[in-house]
Each structure stands twice: as C-alpha cells, then as structure tokens.
Amino acid sequence: MNKDKKDHTEVVERQFRVLSSLAEMNKKIHSTMKMERLFQIMVELAVIGVNFERGLIYLLEDNFLRCVASLDRIKKDKGFIVKNLKGFDMDETAVEVLSVQSGRSIYVSDAWTDKRVSRKRLKFTDSKEYCAVPLIGRSGVLGVLTADKVYSQKPIMPEEIQTLELFAGHISLAIENAALFEEKERFTFLLEKKISERTLELAQTNEQLQLKMKELTTLFEISGSLNKNMGVNEVLELTLSLVKGLGYPICAVHLWEDDRFGRAFHIGLDDEYMQTEFPLLEKEFQKTVLEETEAFLLNDKLSKLIVPLRSKEKLLGILVVFLLEDHAFGKEQKSFFSAFGLQVSMALKNALAFQEILDQKNQMENLSRKLEQENISLREKMKAEQENKFVIGKSPAMNTVMELVQSVSFTDTSVIIYGETGTGKELIANTIHEMGSRKLKPLIKVNCAAIPEELLESELFGHEKGAFTGAHERRTGMFQLAQGGTIFLDEIGDISLKTQAKLLRVLQESEIQPLGSPTSTKIDVRVIAATNKDLKKKIEQGTFRSDLFYRLNVFPITMPPLRDRLEDIPRLVEFFIQKYSHLKRGKAHIDKDVIGIFLKYAWPGNIRELENIIERLMIISGSGNITISDLPREMSADTTRNVPVRPLKEAVFNFKKSLVRQALSESSGKKSHAAAMLGMPRSNFSRLLKQLGIT
C-alpha cells in the first residue's frame, strides 16, 4: 500500500506540475492577440511541456509547412523566431508532414535510421529521439510541434507525449485565436470609417483608410489603362496625375532610352531640376536602379523614393517621388509604390508597343501621302516634258517673269508669287522647283484657303496623338513630307495670325513643333508662297504680320494678267485645243473672228478662264470649226461695250497696239503677212512693233 500510495503521489505531483506549467503558459500566451508577439512569448517560455528540453513549431501555409519558432527550455537564450524560409513541402515524406496529414502524434526512437525522418531535419538538429505532435485547431490541423530531450538524453515516455499533446492543444488555441483576431482587426479596420470621427484616434484611422482607398483606386485606374490604346505621353501624364492625387505633388518620370535617361515628364519641378539636380541624382542611382526591382530610398535620403519601371529584365524608366517637409517614406509607402510601379510598367510597356505600331502605321501613311504627292508632281512634270516647256508665252511681261525664275531657281531663297486668280502662279512654282537643285525631292502643295483654319496648323506642322479632340493618331505635317524639297503655300494671305506666327518660326529657325509635341524637329525645306491679295494693305489692316511679310518677300515675282499679255493668246489657244482634242472627233479649227474677240476680251479669270472656254467650245461646237456663234453671249457682249473716254494719245496708242496684235494673230505671228494686211512696209512695221513694245 505504501508503494501504491507513493506512486499515486508522484502521479498527482506530476499532474500538478503539468497543470501549473500549463496554467502559467496559458496566462502568458493568451495575454496577446498578435501572432508575432505570441511566437516571441513561446520562445521566451519554451512552451514544450514539462520534461521536454528543445522543440520546433511549424505552421501550415498553403502547401508548405514552415518552421516559425525554435524553443529551448534549458538554454533559453538559444531560442529564436525563425525568419528565413525553412520547412517542408507537403508532398515530401517527413515525420512532420505525416503528423499534419494524419492528425496524430508520431514518435521517432532513432532519427538516424528511421526512413520517415527528412534529411533536411538531420542537417539542422542533432536530436536522435523526438516526437511530433499535430497542432489541431477548430478548423483543422494548423501545424506541428516537435520536441526532444537532447541535453539529458532521457527516454521519452508515453505519458510525456500525452502531456505534449495537451500543451499542443493550448498552443493551437492561442495561434488560432491570434489568427482570428488579426482577421477581425482587418475587417474592423474597414468598418471603422463608418464610425463617428469625433476622436483623434478615429480621425487618424479614417485618414489612413481613405489613403488606402486612394491607393486602391489609383491602382485600379492605372490598371484600367492596360485595356486602352494609350500613348506614352498619356500613360505618364496619368501616372503623375495619380501620384499627385495621393498627396505627392512633386514627382517625375524619366524614360530609359538608348542606355541612358532621356525624356522626362514632371509635376511641381522647374527647369533647374533637369539642369542641376537631376544630373547629380543620376550619378548616384544609375548603377543601383539597374539592379533594383522594387521601390527604394536613394542613399537613405528619406525624402526621395525611386520606383524602377521594368518589363521583365529590361529597364523602361524610373518614377521619382518627393516627400515634402520632414516626413519620411515608410514601409507601407514603399510597398504600395512597388505595386504601383508594376502596374505603371505594364501600362508603359503597352504604350511603347502601341506607339511603335502607331509609328509604323504613321510611317506607312506618310510614305503613302509622300508617294501620292510625288506622283502628282511627277505627272505634272511629265505633262510639262511632253509640252517641252513649263510656261507658255513669249510676251515681254512673261519674258520678264521667266528671267526672274531662271535667276532664283538654283538658290534656296524664299519666293513669293503675286498675281490675280488664274494667272498661273502654281505653274511658276512648279518651274522654279523643277529648274532648281531640289527637283529630285518632293514638291508638296498646300492650298491654305481650302483647309479649315482649325486644321491648317495640324496639316502644315503635324500633331501628336491626343493633341486635340479627334487627334486619334499621330500625323506627319506637310513640312516634314517636303523634307529636302519644296513646299508651295498657295493663298498665303488667307492664313490666321496664329498660324502666321508658327510659320514665321519655321522660316527663322528652320524647325517645326508638331501640335502636342514637347520637342522641335529640324527641317530643310524651300518655301514658295503665292497670293492674290495685297499683303501690304493687309498689314495696314492688322491681318498680316509685317515680320512674316519681309521673310516671304525676299524674292517677289508678279504674274501679269492675261489682258497684259494678249500676244500670248494665240499660243495658249493652240495649246488648249491640243489638250482637249480628245473631246472632238477630227481636227478642230478656230475662226480668226473668235481670236479677234479673245484679243478684245478683258479676261477677269485670266488663263484659267481661257482654258475653261476652250474646253467648252471643244464640247459644244458641232462641226470642225469653232465660230463666234459658239462663244458665250457675255463674252460677245463684253467686247461690244462702250469704250470709256480716254486721252486721245493713249486711245490711239491702245488702238494701234490692239490692231497690230490682231494682225499678228490672224497671220499666225508672221510679221511680213501682218505688215501686208496693214498696208505697211516690213521695215516700218518692225519700227512700229518696237514703239508699241511688242516682240
């Protein structure tokens, strides 16, 4: 009885020690709801039962059994929280994994011979005998607790394993409670914004929540750009706008181009930043940024956060965020901007790819437009070559024009051509180009009066995507298409003062700046302009810039109206009859009386009007002859109107000139026949021609 009583007493004492130890452990581990603090308490108390000396705690995380704490009851200073990633994959054959999978305790008598023991364990622990007890919570197995007696080398008894299981149950409860509490804290944090903001603590919580919501909204907005066809400028402008909306009004993006930092976009910074501050910063982080993948602080300068923008291993650029005042970037800011940088990187990558596609498409369109313009120019050149000349006419007025054309053609001087509508200003521009050194390059023609004012600037100088409403793609301007060649600006007097200012810069600096582009482009283009307006009068009226006028008016050429070069009419008529010969079967013949009326007519529409009339006559004349009866009534009536009273000397001079011209026309330009028709000797007729200024 004494032996039984003694054994019973030992059992009671052992149970008392277990319960006391368990009570002390419970008091400590249930004093906190923070998981990290809970592990720290377990390390400090070495909560592995009464007789066990060392232990390891593993928690199940997804498909990995991770070691989170090392316990040592004998040498407590050797206990620690495990920070690195140690443990077992759940598909491994290991005692710890088997215990979790089965939900039962496993005893190992000899770790060196037991095939269930993982080689990993043998590398970091020298215990031969140990046991593994599952940590079972309300929702299932949470992990496993292993324990040994490596210091005393005493055998592990079955009742000790039961005691360890009891401790494991309380540890599981504490871990599960801490996990539930942290989950509850997360939900509570989201609900706190609905609570009254009367206290400072709640106000701060609400402010943090709003910041989180802003961050989530920011991530949502930048991720939304992934589904849109946005250009690089749009993505970076959106990025800086979102960063500013988060409360960081000073920020910049620097693109990495050709192994160096190139284009920059910024908010809240001035030119001094780009010229002085950034070059110094660049030297500091150029090496670092090539290696970093997440947001980092520049040399512990807590006021500047650098966010690398990457596509796989390729660096696209960096986002620099400045924090005002004496605040510093914390872990949360770095974590958020790392995630934000990933979204920006994807959006920027898409934008660069989209921009490359747009550029290729734009190049194809520009090539097509250039080929079209060159085709038009080539057709005009071929027509001119077929005629073996560019300009028809040998009158003194036209001889003067052609002398000027020959003088200026081989230079790059700006030319302006004045003249009434229909006098052939465009033909003279063609001639200057084809006679000059740029004839192998394109001649681009722009009728400034035919293009709406709101589109003219884009047509001339081009635009970037998004430069204005409706600018869905990048467009190359006419000046760029004319690179190396000539641009002909017809009706230059009709452009607005705004466009005049930009055109003046082109003439002064030889560079253009497309709408919406931050940079300028150098060009090499000769400018030929034309107008039927009195530009000096427009300057007086304030509708034309005087500085532009003097830039354009370097070499003026004035086209004479047809009424001042009547002697060219027979040649022009012959040319247009040949041009429209396909409209009439057989050879057309025009009566001398018709030529006579042509010589008396005022020609308000000039050569264009003459061409239109010849085309009409070729269509409506029934027989092979074109007679006065085929002419429009207004033309016949115009030639019979009363002649205004003029000084007799002037009237006689004009009459003689008109009569001589008619005689030359009717004699097909043969001077001897014309002299005979007028009843004059050939020598007298020649002197008369000189007096009248007719060649």
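Index from 1, following the sequence.
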Distance (rounded to the nearest 0.5 Å) between [X] [atom1] and [Y] [atom2]:
X: M398; Y: D564; atom1: CE; atom2: CG; result: 12.0 Å
X: L316; Y: H254; atom1: CG; atom2: NE2; result: 15.0 Å
X: I416; Y: L489; atom1: CD1; atom2: CG; result: 9.5 Å

[X]: partners by side chain to side chain contact (heavy atoms under 4.5 Å, CB included), with sequence neighbours left out:
X: A674; result: A663, L664, S667, F685
X: I569; result: L562, L566, V573, F598, L599, W603
X: E509; result: R505, E511

Just grab all the ring-ring contact (aromatic ring centres under 6.0 Å, His included) pairs involving residues 474-533, residues at least two apart or on different chains.
->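 Matches after skipping sequence neighbours: F461-F479.
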Side chains of [X] and [Y]: does their closest heavy-atom pair fall under 4.5 Å?
X: V506; Y: V525; result: no
X: P604; Y: E609; result: yes
X: R551; Y: L503; result: no
X: H266; Y: V320; result: no

Does H433 use its side chain to pair, donor to acceptor, with the backbone of K441 at less than 3.5 Å?
->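 Answer holds: yes.
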Side-chain donor-acceptor contact under 3.5 Å, T421 with N532 |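 Their side chains do contain a donor-acceptor pair, which is all the 3.5 Å distance test asks for.
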Kindly state each residue pair satisfying salt bridge (charged side-chain N to carboxylate O under 4.0 Å, His left out) with at least one member in residues 488-497, sequence neighbours excluded.
->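 Applying salt bridge (charged side-chain N to carboxylate O under 4.0 Å, His left out) to every pair that reaches into residues 488-497, excluding sequence neighbours, yields D494-K533.
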Kindly state each residue pair satisfying salt bridge (charged side-chain N to carboxylate O under 4.0 Å, His left out) with at least one member in residues 396-416, sequence neighbours excluded.
->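 Listed once each, the pairs are D412-R438.
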